[in-house]
**Q** 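Starting off with a structure, shown below.
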Amino acid sequence: METVVSGIRPTGNLHLGNYFGAVKSFLQMQNEYNCYFFIADWHSLTTRPKPENIIKSTQTILAEYLACGIDPEKATIYIQSDVKEVLELYLYLNMNAYLGEMERCTTFKEKARKQPDNVNAGLLTYPTLMAADILIHRGVKVPVGKDQEQNMEMTRKFARRFNTVYETEIFPEPASFSLAAKALKVPGLDGSGKMGKSEGNCIYLMDDTETIRKKVMKAVTDSGPIAPNSEKPEVIKNLFTFLDLVSTKDTYAYFNEKWNDCSIRYGDLKKQIALDIAAFNAPIRERIKEYSSNTDLLDKIAKSGADKARESATKTLKEVREIIGFRF
Ligand code: ADP
Ligand code: TRP
């Protein structure tokens with residue numbers, strides 16, 4: 001069975017971008033593949049979070065994974081920092097990663113720009129740690145959103161390079177996986193291209209009906225269609241993306257027709273989107289609350305996941321050490 005690996009950093013609650021960009025694929029894949037879904041707490045250290053925030057966010061993401069339907073009986077769910085084997089592979093991959101290529105990564109450049117006072121080596125080697133996460137289980141499919149394309153490109157490069165340097169075939173070259181034909185980018189409702197925590201424009205799975213309504217009603221629009229059947233501008237396309245994600249096909253068709261015959265009222269469209277997001281969130285929200293209050297269960301799941309992940313990691317690492325020449 002093919003192996004799937006993916007992780008999300010514990011930097012707050014999961015939002016609709018995380019859900020539709022990544023978690024929704026996890027749900028499908030856990031039925032068909034050997035899945036490892038983890039919480040990337042080491043990766044979150046690039047921004048120096050407070051210890052109490054790490055603990056809280058890690059618990060939150062774990063509860064949210066479960067509330068979304070990731071099933072510890074089907075997939076291995078674990079916390080990255082429980083599997084120290086990853087760090088050893090990270091070190092080996094770093095020995096074959098070049099400063100120039102790491103500095104050229106747009107993700108690095110962007111993050112360096114955002115935190116000019118803390119351009120640390122962890123930020124620079126973010127892609128080798130991510131590659132280690134994936135290659136430690138010899139993952140071949142990685143469900144991630146579009147924003148992770150470059151990190152995935154780097155992972156393939158490091159896998160290839162290791163194989164070439166040591167004349168081995170130990171690492172497969174993993175591919176990004178998306179449920180849609182094209183990797184999905186959930187937009188922001190503020191006219192920005194992407195919903196993201198650092199953009200401050202998220203609708204969280206934990207948001208209640210009123211919070212969602214307020215956020216959606218504030219969504220940026222334009223002054224309306226000027227001619228029948230015209231192309232939708234970006235901000236309107238964004239609203240339709242939400243309809244596509246959370247509403248029925250009929251609702252989508254209804255508003256699309258209203259757009260095409262120029263009778264659309266953005267207020268109605270937004271109300272509908274808010275209602276449909278709220279209905280989507282409601283059961284997940286209830287389950288998040290239940291799981292969050294059961295920390296014993298969360299601990300148990302994390303521990304059993306770590307044991308399974310460590311077993312797989314140890315196997316890979318044993319081979320890697322031999323290949324490298326640590327045989328004494
Ligand atoms: P954030 O952007 O909120 O910081 P992360 O970078 O931690 O979220 O992303 C976790 C996962 O969710 C990744 O697989 C990422 O590709 C996906 N993701 C995040 N935002 C979006 C989005 N707006 N559209 C699609 N996928 C997304
Ligand atoms: N870089 C991913 C993000 O920012 C998180 C991540 C870390 C990840 N390691 C991974 C995703 C391995 C997939 C596979 O969202």
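Indexing begins at 1, ligand by ligand and atom by atom, following the structure's order.
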**Q** Regarding Asp147 and Lys194, does a basic nitrogen lie under 4.0 Å from an acidic carboxylate oxygen?
**A** yes

**Q** Going by the order shown, which atoms of ligand 2 are within less than 4.0 Å of some heavy atom of Val142?
**A** 13 (C), 14 (C)

**Q** Show me which atoms of ligand 1 lie under 4.0 Å from any heavy atom of Met195.
**A** 20 (N), 21 (C), 22 (C), 23 (N)

**Q** Just checking, is any N or O donor in the side chain of Thr60 or Ser57 under 3.5 Å from an acceptor N or O on the other one?
**A** no

**Q** Whether the Gln272 and Asp276 side chains hold a donor-acceptor pair (N or O, under 3.5 Å, no angle test) is what I'd like checked.
**A** yes

**Q** Which ligand 2 atoms, with their elements, are less than 4.0 angstrom from a heavy-atom of Tyr126?
**A** 1 (N), 2 (C), 3 (C), 4 (O), 5 (C)

**Q** Consider every N or O of Ser6 and every N or O of ligand 2, then say whether any pair is closer than 3.5 Å.
**A** no

**Q** From the options Asp147, Asn201, Val144, select the one whose nearest heavy atom is closest to atom 16 (O) of ligand 1.
**A** Asp147

**Q** Does Lys141 qualify as a cation-pi partner of Tyr33, given the criterion of NZ or CZ under 6.0 Å from the six-membered ring centre and within 45 degrees of its axis?
**A** no

**Q** May I ask you to identify the nearest protein heavy atom to atom 19 (C) of ligand 1, giving residue, atom name and distance to one decimal place in Å?
**A** Asn18 ND2, 3.4 Å

**Q** Going by the angle between their ring planes, with limits at 30° and 60°, are His15 and Tyr204 parallel, tilted or perpendicular?
**A** perpendicular

**Q** Backbone, side chain, both or neither: what part of Lys197 comes under 4.0 angstrom of ligand 1, heavy atoms only?
**A** both

**Q** Assess the pair Phe240 and Tyr252: is the distance between their ring centroids shorter than 6.0 Å?
**A** yes

**Q** Need the ligand 2 atom indices (1-based, order shown) with element for anything under 4.0 Å from a heavy-atom of Gly7.
**A** 5 (C), 6 (C), 8 (C), 11 (C), 13 (C), 14 (C)

**Q** Looking at atom 2 (O) of ligand 1, what's its closest protein heavy atom, distance included?
**A** Lys194 NZ, 2.9 Å

**Q** Just checking, is any N or O donor in the side chain of Ser263 or Asp261 under 3.5 Å from an acceptor N or O on the other one?
**A** yes

**Q** Rounded at 0.5 Å granularity, tell me how far CG in Leu135 sits from CG in Leu93.
**A** 6.0 Å

**Q** Side chain, backbone, both or neither: which applies to Asp147 and ligand 2 if a contact is any heavy-atom pair less than 4.0 Å apart?
**A** neither

**Q** Mark up the atoms of ligand 1 that fall under 4.0 Å of a heavy atom belonging to Gly196, in ascending order.
**A** 2 (O), 3 (O)

**Q** Of all heavy-atom pairs between Ala63 and Ser292, which one has the smallest distance, and what is that distance?
**A** CB-OG, 3.6 Å

**Q** Which ligand 1 atoms are under 4.0 Å away from a heavy-atom of Gln148?
**A** 16 (O)

**Q** With heavy-atom distances below 4.0 Å as the criterion, list the atoms of ligand 1 near Ala22.
**A** 14 (O)

**Q** How far is atom 2 (C) of ligand 2 from its nearest protein heavy atom, and which residue and atom name does that atom have?
**A** Gln148 OE1, 3.3 Å

**Q** Looking only at protein heavy atoms, which one is nearest to atom 25 (C) of ligand 1, and what is the separation?
**A** Leu184 O, 3.2 Å

**Q** For residues 166-176, run the donor-acceptor check on the side chains, cut-off 3.5 Å, and write out each pair with its distance to 0.1 Å, sequence neighbours left out.
**A**
| unit_1 | atom_1 | unit_2 | atom_2 | d |
| --- | --- | --- | --- | --- |
| Thr168 | OG1 | Ile170 | N | 2.8 |
| Glu173 | OE1 | Arg160 | NH1 | 2.8 |

**Q** Quick one: does Thr11 get a heavy atom under 4.0 Å from ligand 1?
**A** no

**Q** Is the Phe20-Phe280 ring centre distance short of 6.0 angstrom?
**A** yes

**Q** So which heavy atom in the protein is nearest atom 9 (N) of ligand 2, and how far is it from that ligand atom?
**A** Asp133 OD2, 2.7 Å

**Q** Using a strict 4.0 Å cut-off to heavy atoms of Lys185, name the atoms of ligand 1 that fall inside it.
**A** 24 (N), 25 (C)

**Q** Measure the distance from atom 6 (O) of ligand 1 to every protein heavy atom, then report the residue, atom name and distance (to 0.1 Å) of the closest one.
**A** Arg9 NH2, 3.1 Å

**Q** Any side-chain heavy atom of Leu91 sitting closer than 4.5 Å to one from Thr128?
**A** no

**Q** Below 4.0 Å, non-hydrogen atoms only: which portion of Phe38 touches ligand 2? Side chain, backbone, both or neither.
**A** side chain

**Q** Ignoring hydrogens, just give me the one of Val142, Val186, Leu14, Asn151 whose non-hydrogen atom is nearest atom 24 (N) of ligand 1.
**A** Val186

**Q** For ligand 1, which atoms have a heavy atom of Gly145 less than 4.0 angstrom away?
**A** 14 (O), 15 (C), 16 (O), 26 (N)

**Q** Between Glu153 and Arg156, does any NZ, NE, NH1 or NH2 come within less than 4.0 Å of an OD or OE carboxylate oxygen?
**A** yes

**Q** Kindly assign one of parallel, tilted or perpendicular to the pair Tyr65 and Phe26, based on the angle between their ring planes and the thresholds 30° and 60°.
**A** perpendicular

**Q** Return the closest protein heavy atom for atom 18 (N) of ligand 1 as residue, atom name and distance.
**A** Gly17 O, 3.7 Å

**Q** Within the 4.0 Å heavy-atom shell around Gly21, which atoms of ligand 1 are there?
**A** 25 (C), 26 (N)

**Q** Need the ligand 2 atom indices (1-based, order shown) with element for anything under 4.0 Å from a heavy-atom of Val144.
**A** 11 (C), 13 (C)

**Q** Establish, from distance only, whether the side-chain atoms of Tyr90 and Asp133 form a donor-acceptor pair under 3.5 Å.
**A** no

**Q** Given that the side chain starts at C-beta and the backbone is N, CA, C, O, which of these parts of His15 lies under 4.0 Å from ligand 1, counting heavy atoms, or is it both or neither?
**A** side chain

**Q** Verify the distance criterion only: is there a donor paired with an acceptor across the side chains of Glu257 and Asn260 at less than 3.5 Å?
**A** no

**Q** Please determine if Gln80 has a nitrogen or oxygen closer than 3.5 Å to a nitrogen or oxygen of ligand 2.
**A** no

